[in-house]
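Note that ligands are numbered from 1 as they come in the structure, with each ligand's atoms numbered from 1 the same way. Quick caveat, the model's predicted, so the values are computed rather than measured.
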Amino acid sequence: MRGIKGKVAIVTGASSGIGQGIATRLGCEGAKVIVDYIGHPEGAEETERAIKDAGSDGEIVKADVTRMHDVQKLIGAAWERFGSADILVNNAGMERKSDFWDTPEGDYDQVMAVNLRGPFFLTQAFVRRLREADKPGRIVNISSVHEDMAFPGFATYCCAKGGLRMLMHDLAVELGPLGITVNNIAPGAIATPINRALLEDKPKLNALLANIPLGRLGTPKDVAGMVAFLCSDDASYITGSTFVIDGGLMRNYHEQ
Ligand code: BGC
């Protein structure tokens, strides 16, 4: 895709699932990629190898998006290693299941910290650098259909993703004058480690599949293609939007 070759991208949570797919795809498009991970160095190495095999360059950085020091380190790494950055993909995410009335304070704090606080301060650190360098940029948040749609048992996740949606709306306006675009991608049910429990529960999986008009789970590649598009020249006038990638899940309603 035009406009990605030679750019520098930072992808959080890039050692598995959707983040790994995104980092690999951007590498295949010729971007140099900062591969963030926290728990799985082998996964991060796999991602870096895929980027290098595609003929581009990558750098692995271990950074916890919930810690300010790590946030600064991660954004700084792009400037130290590659001299600048153009693209930030806020992908790292997690969810915890519990009935609303039983949700522990610790789960609330952690889910909000990873899914909302992380993107907030990563974006802030990224934008400060861009402003100093007087450079435009692209920000893509990997949100969820649950930035909009209820998910019983996951109120914390819904709060965080709903907040991420509103953050994107606000930043599209605040950062537009700086030439920085901000968009969300809202994946539906994608086969990744985040929903391992569901994937291993056949009856639940079949019930979910029955709700997806396209009849299958999504793959990280389905999401990565949209990220590449949003980082390309063709998307230069797109900001403030959410792009749903869910096989039709959100639009589906049946009466039995
Ligand atoms: C969640 C998955 C869920 C999917 C569809 C995603 O955001 O992470 O656990 O299956 O939405 O509901």
Side-chain angles (χ1 to χ4, degrees), residues 11-23 36-40 43 65-66 89-100 102-104 107-120 140-169 183-227 230 241-254:
V11 183
T12 67
S15 61
S16 69
I18 294 175
Q20 184 172 55
I22 293 167
D36 162 70
Y37 80 102
I38 176 154
H40 304 286
V65 302
T66 69
V89 183
N90 285 309
N91 164 77
M94 58 137 350
E95 63 192 34
R96 283 273 163 76
K97 187 171 190 337
S98 61
D99 288 325
F100 171 71
D102 285 333
T103 301
D107 280 10
Y108 176 93
D109 289 344
Q110 208 192 346
V111 170
M112 293 298 274
V114 174
N115 296 299
L116 185 56
R117 189 180 193 277
F120 188 103
V140 182
N141 300 317
I142 306 306
S143 175
S144 165
V145 288
H146 303 298
E147 69 167 42
D148 227 6
M149 189 170 77
F151 195 14
F154 293 87
T156 52
Y157 188 70
C158 291
C159 289
K161 295 298 188 181
L164 191 57
R165 173 174 192 249
M166 202 53 223
L167 178 64
M168 176 273 287
H169 286 192
N183 292 288
N184 281 14
I185 293 178
I190 311 292
T192 74
I194 205 172
N195 49 27
R196 186 173 289 129
L198 172 80
L199 300 180
E200 286 166 0
D201 185 331
K202 274 271 169 241
K204 275 200 186 146
L205 179 60
N206 287 336
L208 172 63
L209 287 173
N211 272 331
I212 301 175
L214 289 183
R216 67 168 176 90
L217 295 179
T219 67
K221 282 188 178 162
D222 291 323
V223 179
M226 179 57 84
V227 177
L230 289 173
S241 289
T242 289
F243 297 85
V244 175
I245 301 184
D246 72 345
L249 176 71
M250 266 184 103
R251 299 287 173 246
N252 200 13
Y253 174 73
H254 288 303

Colleague: To the nearest 0.5 Å, tell me how far Leu164 CG sits from Met166 CE.
Modeller: 12.0 Å
Colleague: Could you pull out all residues at least two apart from Phe243 that satisfy ring-ring contact (aromatic ring centres under 6.0 Å, His included)?
Modeller: none
Colleague: Can you tell if the side chain of Ser143 reaches within under 4.5 Å of the side chain of Thr242, non-hydrogen atoms only?
Modeller: no
Colleague: Give the residue and atom name of whichever protein heavy atom lies nearest to atom 3 (C) of ligand 1, and the separation in Å to one decimal.
Modeller: Phe151 CZ, 3.9 Å
Colleague: Who's the nearest protein heavy-atom neighbour of atom 7 (O) of ligand 1, and how far?
Modeller: Ser144 OG, 2.6 Å
Colleague: Applying salt bridge (Lys or Arg N to Asp or Glu O under 4.0 Å) between Arg96 and each of Asp107, Asp102, Asp109, report the one that passes.
Modeller: Asp107
Colleague: Do me a favour and list the nearest non-hydrogen protein atom to atom 10 (O) of ligand 1 with residue, atom name and distance?
Modeller: Asn195 ND2, 3.9 Å
Colleague: Side chain, backbone, both or neither: which applies to Tyr157 and ligand 1 if a contact is any heavy-atom pair less than 4.0 Å apart?
Modeller: side chain
Colleague: Who passes salt bridge (charged side-chain N to carboxylate O under 4.0 Å, His left out) against Glu147, sequence neighbours left out?
Modeller: Arg165
Colleague: Who's the nearest protein heavy-atom neighbour of atom 8 (O) of ligand 1, and how far?
Modeller: Glu95 OE1, 2.6 Å
Colleague: Mark yes when over 12 heavy atoms from residues, nucleotides or ligands other than Phe151 sit less than 6.0 Å from its CZ; otherwise mark no.
Modeller: yes
Colleague: Give me the residue, atom name and distance of the protein heavy atom closest to atom 4 (C) of ligand 1.
Modeller: Gly188 O, 3.5 Å
Colleague: Please list the nearest protein heavy atom to atom 5 (C) of ligand 1 with its residue and the distance rounded to 0.1 Å.
Modeller: His146 NE2, 3.5 Å
